[in-house]
Amino acid sequence: MTAAAPPPLPPKAFLAPNSAELDGKGPQRYTSRKHAFWSGFRHAAGAPAMVLFAGMVGFGAMAKTNNIDMWFTSLSSLLMFALPGQVVLLDMVLSGSSVVAIILAVTLTSTRFVTMTVTLFPQLHPRDRNRKLYASVHLLAMTAWAVSMREFQAIESHHRLHYYLGLGILCWAISFPATILGYLLAGLVPKWIALGLVFINPLFFLLTFTEVKATINRVAIILGGVLGPCFYLLDRDSSLLVSGVVAGTVAYLIDRQFLRRRFKDQSS
């Protein structure tokens with residue numbers, strides 16, 4: 001007599017990257033990689049694309065009001081595809097900083113992509129983790145990362161890459177025309193609205209990220225919100241980086257030392 005199969009986990013349950021439930025031994029969310037790709041594309045066509053579009057429009061308008069060349073501005077969206085880094089680039093160009101200083105500042109601003117990469121891509125199927133991923137990394141942005149981290153929990157590992165590609169390609173493709181549109185509409189958009197559009201993207205990321213292992217992420221977000229202004233008073237140039245490192249590290253230690261241990265005690 002065989003044992004009854006365990007009930008499937010709910011869609012939002014957290015699963016490890018190599019969970020058997022998502023490798024053909026449980027309910028399949030997608031029937032093929034093509035299905036996963038177009039599903040990611042459709043998901044991007046909703047709130048993620050609209051939020052990113054608004055942010056790039058705001059960036060283009062901000063560049064126009066500061067008399068930065070349109071093609072320089074729009075190509076930064078196409079080639080960098082990192083709105084915070086683009087804002088830093090714009091600010092340092094306006095301040096007349098040297099090329100070396102600009103490179104260092106933009107690099108430091110983009111260090112978040114290291115942690116985003118090492119947390120997202122190990123969740124892909126082993127056969128998808130190859131040299132071709134270097135091209136896929138360019139599609140990684142806050143929006144695509146947050147949505148992928150949330151949705152990967154309910155997607156079979158061999159379909160995750162194509163879901164991410166569908167999501168990322170659309171978000172990347174609209175960044176270039178959105179920046180040009182914002183540049184052309186700069187005279188019609190008040191400056192305070194343009195600045196507000198730039199901050200819509202991080203706000204969307206913040207709200208989306210709370211759904212990924214919500215308890216500990218909310219702890220990290222709250223700590224970052226509290227520590228950010230404190231570190232800003234000490235040194236505004238490094239406050240964002242330092243507050244993120246400190247808040248994330250403290251949240252990680254709380255998760256490792258208390259939350260996971262309490263979960264294990266309850267399970268045993």
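Scope of the values below: all heavy atoms of this structure, side chains included, with no hydrogens, waters or symmetry mates.
Taking hydrophobic clusters as Ile, Leu, Val, Met, Phe, Trp and Tyr residues chained together by side-chain heavy-atom distances below 4.5 Å, Val226 does not share a cluster with Ile221. When hydrophobic clusters are built by joining Ile, Leu, Val, Met, Phe, Trp and Tyr residues whose side-chain heavy atoms come closer than 4.5 Å, directly or via intermediates, Leu108 is not grouped with Val88. The cluster map of Ile, Leu, Val, Met, Phe, Trp and Tyr, joined by side-chain heavy atoms under 4.5 Å apart, puts Leu185 and Leu83 in the same cluster. Cluster membership check: Leu104 does not share its hydrophobic cluster with Val106, using side-chain heavy-atom separations under 4.5 Å among Ile, Leu, Val, Met, Phe, Trp and Tyr. Transitive grouping of hydrophobic side chains (ILVMFWY, heavy atoms separated by less than 4.5 Å) keeps Leu227 and Leu233 in distinct clusters.
Checking side-chain atoms of Ser39 against main-chain N and O of Ala36 turns up no donor-acceptor pair under 3.5 Å. Judged by distance alone, the side chain of Arg160 and the main-chain N or O of Gln123 form a donor-acceptor pair under 3.5 Å. Checking side-chain atoms of Trp145 against main-chain N and O of Met116 turns up a donor-acceptor pair under 3.5 Å. In terms of modelled atom types and a separation under 3.5 Å, the side chain of Ser110 and the main chain of Thr107 share no donor-acceptor contact.
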Quiz item: Can you check salt bridge (charged side-chain N to carboxylate O under 4.0 Å, His left out) on Arg33 and Asp128, steps first, answer last?
Solution: CA-CA 12 Å; Arg33 292 192 164 196; Asp128 291 326; 3.0 Å; yes
Practice problem: Using the side-chain contact (heavy atoms from CB on, under 4.5 Å) rule, take Val87 and Met62 through it: C-alpha gap first, then chi angles, then the decisive distance, then the call. | Solution: CA-CA 9 Å; Val87 173; Met62 187 170 61; 4.0 Å; yes
Practice problem: Test Arg29 against Glu151 for salt bridge (charged side-chain N to carboxylate O under 4.0 Å, His left out), laying out the working first. | Solution: CA-CA 11 Å; Arg29 180 171 176 178; Glu151 296 298 327; 3.0 Å; yes
Practice problem: Just do the side-chain contact (heavy atoms from CB on, under 4.5 Å) check on Glu156 and His125 with the steps written out, would you? | Solution: CA-CA 9 Å; Glu156 310 82 49; His125 194 278; over 6 Å; no
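Using a 4.5 Å cut-off on side-chain heavy atoms (C-beta onward), Ser136 and Leu165 make contact. Proximity of Val246 to Ser243: side-chain heavy atoms (C-beta onward) are nowhere separated by under 4.5 Å. No side-chain heavy atom of Val100 sits less than 4.5 Å from a side-chain heavy atom of Ile103. Using a 4.5 Å heavy-atom cutoff, the side chains of Val250 and Ile254 are in contact. Side-chain contact between Leu133 and Leu124 is present, with heavy atoms from C-beta onward closer than 4.5 Å. No side-chain heavy atom of Trp172 sits less than 4.5 Å from a side-chain heavy atom of Leu52. Inter-residue side-chain proximity for Tyr163 and Val147 is flagged as met; some heavy-atom pair is nearer than 4.5 Å. In this structure, the side chains of Val137 and Phe113 stay at 4.5 Å or more apart for every pair of heavy atoms.
To the nearest 0.5 angstrom, Thr117 atom OG1 is 7.5 Å from Leu120 atom CG. Here the OG1-CG distance, from Thr73 to Asn66, works out to 9.5 Å after rounding to the nearest 0.5 Å. Between Arg150 atom CZ and Ile155 atom CD1 the span is 10.0 Å, to the nearest 0.5 Å. We find the OH-CH2 distance between Tyr183 and Trp71 to be 11.0 Å, quoted to the nearest 0.5 Å. Within the model, atoms OG1 of Thr179 and CZ of Phe59 stand 6.5 Å from one another, a figure rounded to the nearest 0.5 Å. Summarising the geometry, atom CG belonging to Leu170 is positioned 11.5 Å from atom OG1 belonging to Thr143; distances are rounded to the nearest 0.5 Å.
Nearest heavy-atom pair, Ala44 versus Cys171, reported as atom, atom and distance to 0.1 Å: CB-SG, 4.1 Å. Phe72 and Val93 make their closest contact through CZ-CG2, 4.2 Å (heavy atoms, listed as atom of the first residue, atom of the second, distance). Across every non-hydrogen atom of Ser77 and Met56, the tightest pair is OG-SD, 3.5 Å. Closest non-hydrogen pair, Ser74 versus Ile180, comes out as CB-CG1, 3.7 Å. Of all non-hydrogen atoms in Leu184 and Met70, the two that sit nearest each other are CD2-SD, 4.1 Å. Of all heavy-atom pairs between Phe81 and Leu139, the closest is CE2-O, 3.5 Å.
Residues Phe121 and Tyr164 place their aromatic rings such that the two centres sit under 6.0 Å apart. With ring centers used as reference points, His162 lies 6.0 Å or more from Phe37.
Counting non-hydrogen atoms of neighbouring residues, nucleotides and ligands closer than 6.0 angstrom, the OH atom of Tyr232 reaches no more than 12 such neighbours.
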